[in-house]
Amino acid sequence: MSSGRCAACRYLRRRCTEDCILSPYFPSNNPQRFVSVHRIYGASNVTKLLLQLPTHLRAEAADSLYFEAQCRLEDPVYGCVGLIFMLQQQIHAAESQLVKTQAEIAVMKSQGQNPEAQQAEQDFNNLLLQQSDNDAALSFPNQVSSGFI
Amino acid sequence: MGGSSPCASCKLLRRRCAKDCIFAPYFPSDEPHKFAIVHKVFGASNVSKMLQELPILQRADAVSSLVYEANARVRDPVYGCVGAISYLKNQISQLQMQLAVAQTEILCIQMQQQESALPTQIHQDDCKPFLLANNNNLDSISQYLNFASSSNVIQDPADLKRESFWT
């Protein structure tokens, strides 16, 4: 006969009561989920955090805590902040590429209207050079202190 | 000659700040809020364990990221940093969409320029309804790109290794 304890109470070796706040979010069939969260936050901090929230938001909160805990276990230095930094870099790269592409469109359109528009082509080349300089100027010797804190 | 003042952690925890206090280099006494928020979210003992497992050179960055995460969690107790991650992913998706549209427009213009010598000319405005109608439909755009034999479409970021943890 199974004891019916949630993963949290099983890990903490305590009785799992009917009103255990952790049991809905840390079921016994996924013990690793609680282990990860407990390693980073600790059971009491997780309990306190969930108790602050209305019941209908606790599942999302537990999921996000698990996600962040997993990120921190995989990358003990930067955790999910490393992922945020990577996404910001991707956004910057995509924005640069979009600007270049839109400039290219402008040049192509102007060339289409005036096939001998060499000045427009020169402007476009200058813009490309400018973008290359901007990209080269980006350096992140210290990822965390480079902007988002 | 007085002793140096205790670090913010030892001040908050009300204990003697030893010379080899693991927190002292990263939680100076003039920034009490920094340790307070990290302690609130992670707990002092967890932070201590985390720092002990890291080489000394990486601890400053680790503390900075922990402070960032703790601040995010206090501001948004439900989603914490995950809220920011979702927002950034949405931004990337939108930018990729705009980029795909722009690249399609380039192909359209190139096709028009190549066919400008043909008797039946495609007017530039003919492309616009297509682009506008399919602005939110990447499938249509990719079909158009396949027709144009393009290999210049930006790919989805394939290296978001944490995608599997969060849907």
Side-chain angles (χ1 to χ4, degrees), chain A residues 38-45 48-50 52-54 57-72 74-88 90-95 97-102 104-105 108-109 111-112 115 142-145 148-149, chain B residues 39-43 45-46 49-51 53-55 58-69 71-73 76-85 87-89 91-92 94-96 98-99 101-103 105-106 108-110 112-113 116 124 152 154 157 159-162 165-167:
Chain A
H38 179 57
R39 274 186 67 182
I40 301 301
Y41 297 98
S44 60
N45 286 333
K48 264 188 260 176
L49 195 132
L50 292 179
Q52 286 172 6
L53 298 172
L57 292 175
R58 288 177 187 172
E60 296 283 326
D63 283 344
S64 71
L65 286 169
Y66 174 57
F67 178 82
E68 288 190 31
Q70 283 293 109
C71 287
R72 181 62 61 175
E74 284 206 359
D75 183 350
V77 182
Y78 298 108
C80 68
V81 177
L83 178 59
I84 289 174
F85 180 74
M86 188 179 73
L87 290 171
Q88 287 175 332
Q90 286 182 354
I91 285 172
H92 177 82
E95 282 173 344
Q97 196 170 354
L98 185 61
V99 165
K100 283 182 199 173
T101 306
Q102 287 170 340
E104 198 177 332
I105 288 171
M108 288 171 78
K109 282 182 178 175
Q111 281 181 341
N142 183 338
Q143 285 190 4
V144 171
S145 59
F148 50 77
I149 292 190
Chain B
H39 177 53
K40 182 175 180 177
V41 175
F42 296 100
S45 60
N46 288 330
K49 271 187 243 171
M50 283 189 251
L51 292 180
E53 287 170 6
L54 292 172
Q58 292 180 320
R59 289 179 187 175
D61 278 355
V63 165
S64 294
S65 68
L66 287 169
V67 170
Y68 183 88
E69 277 191 45
N71 273 307
R73 182 60 61 178
D76 184 352
V78 181
Y79 296 107
C81 276
V82 173
I85 290 169
Y87 173 76
L88 291 172
K89 283 189 180 183
Q91 267 198 303
I92 287 174
Q94 284 179 16
L95 282 168
Q96 287 178 333
Q98 290 174 32
L99 198 50
V101 169
Q103 288 172 333
E105 193 173 346
I106 285 182
C108 194
I109 295 172
Q110 285 173 340
Q112 289 165 14
Q113 289 175 349
S116 62
Q124 187 171 351
N152 196 26
I154 191 168
D159 54 349
L160 280 176
K161 54 188 175 179
R162 286 167 183 82
F165 295 125
W166 188 259
T167 53

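Protein chains get the first letters and strands the later ones, always in sequence-line order, with residue 1 at the start of each. Note that the structure is predicted; figures quoted are calculated from it, not measured. When reading the values below, keep in mind they use all heavy atoms of this one structure, side chains included, and skip hydrogens, waters and symmetry mates.
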Apply side chain to side chain contact (heavy atoms under 4.5 Å, CB included) to B:Ala60 and list each qualifying residue two or more places apart in sequence or on a separate chain.
B:Tyr26
Is any side-chain heavy atom of B:Leu66 closer than 4.5 Å to a side-chain heavy atom of A:Arg72?
yes
When you compare the side chains of B:Asn46 and A:Tyr41, does any donor N or O come within less than 3.5 Å of an acceptor on the partner?
no
Against chain A, label B:Ala102 side chain, backbone, both or neither, depending on which of its atoms sit under 4.5 Å from a heavy atom there.
both
Return the minimal non-hydrogen interatomic distance between A:Leu98 and B:Gln98, and the atom names on each side.
CD2-OE1, 3.1 Å
Is the shortest side-chain heavy-atom distance between A:Glu95 and A:Ile91 below 4.5 Å?
yes
Which bit of A:Ile40 is near chain B, if near means a heavy-atom gap under 4.5 Å: side chain, backbone, both or neither?
both
Using non-hydrogen atoms and a 4.5 Å limit, figure out which bit of B:Leu51 sits close to chain A: side chain, backbone, both or neither.
neither
Honestly, the part of A:Leu50 sitting under 4.5 Å from a heavy atom of chain B is neither
Report the distance from atom CD of A:Glu104 to atom CD of B:Gln103, rounding to the nearest 0.5 Å.
9.0 Å
Interface residue of largest heavy-atom contact number with chain A, from B:Arg73, B:Met50, B:Gln91, B:Gln58, under 4.5 Å
B:Arg73
Below 4.5 Å from any heavy atom of chain A, which atoms of B:Leu88 appear? Answer side chain, backbone, both or neither.
both
With a 4.5 angstrom heavy-atom cut-off, is it the side chain or the backbone of B:Arg59 that approaches chain A, or both, or neither?
neither
